[in-house]
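On a predicted model such as this, the values are computed, not experimentally measured, just so you know.
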Amino acid sequence: MASSGAVPFWRAAGMTYITYSNICANLVRNCLKEPYKAESLSREKVHFALSKWVDGKPEKPTVRSDTPDH
């Protein structure tokens with residue numbers, strides 16, 4: 001039987017772990033001094049491809065490049 005007493009604070013705040021870890025990463029990046037800050041901010045960019053599936057086959061992927069909100 002699982003206990004509901006020990007809930008992580010990020011879950012109690014209504015966040016997912018990914019959201020919590022992104023907030024923490026942004027805080028750490030903003031605390032860095034140059035040149036480390038600029039270098040870490042350049043690695044913050046995210047690139048991924050989305051493919052729609054129709055009739056069991058993938059269509060041409062769409063490449064996206066997103067950066068987290070500041």
Side-chain angles (χ1 to χ4, degrees):
M1 191 183 230
S3 171
S4 63
V7 177
F9 66 89
W10 50 267
R11 175 82 60 196
M15 289 188 238
T16 63
Y17 181 75
I18 296 297
T19 303
Y20 164 71
S21 64
N22 283 337
I23 290 169
C24 291
N26 283 332
L27 289 170
V28 169
R29 285 185 203 105
N30 289 329
C31 290
L32 294 172
K33 293 182 179 180
E34 293 297 341
Y36 306 109
K37 185 175 186 174
E39 183 181 334
S40 70
L41 289 173
S42 70
R43 283 187 262 137
E44 183 178 30
K45 297 175 184 162
V46 178
H47 304 284
F48 58 95
L50 295 172
S51 294
K52 226 180 188 182
W53 287 70
V54 177
D55 297 326
K57 295 182 181 178
E59 292 183 344
K60 185 178 177 184
T62 305
V63 177
R64 303 260 327 250
S65 179
D66 293 341
T67 56
D69 294 337
H70 292 285

Interatomic distance, K60 atom NZ to K52 atom NZ [nearest 0.5 angstrom]:
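Nearest 0.5 Å value for the NZ-NZ distance: 15.0 Å.
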I need the L41 CG to Y36 OH distance, nearest 0.5 Å.
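One gets 15.0 Å once the value is rounded to the nearest 0.5 Å.
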Does any pair with a residue in residues 7-16 pass side chain to side chain donor-acceptor pair (under 3.5 Å), and if so which ones, sequence neighbours excluded?
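Counting only pairs at least two positions apart or across chains, the side chain to side chain donor-acceptor pair (under 3.5 Å) contacts touching residues 7-16 are T16-T19.
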What's the shortest heavy-atom distance between K37 and R29, and which atoms?
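Heavy atoms only, the tightest pair is CG-O, 3.5 Å.
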Please give me the minimum heavy-atom distance between E59 and V54, naming the atom from each residue.
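Taking every non-hydrogen atom into account, OE2-CG2, 3.0 Å.
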Side-chain heavy atoms under 4.5 angstrom apart, residues restricted to Ile, Leu, Val, Met, Phe, Trp, Tyr: same cluster for I18 and Y20?
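Different hydrophobic clusters.
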Would you say M15 ends up clustered with V7 if hydrophobic residues are merged whenever their side chains have heavy atoms under 4.5 Å apart, either directly or through other cluster members?
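Shared cluster, no.
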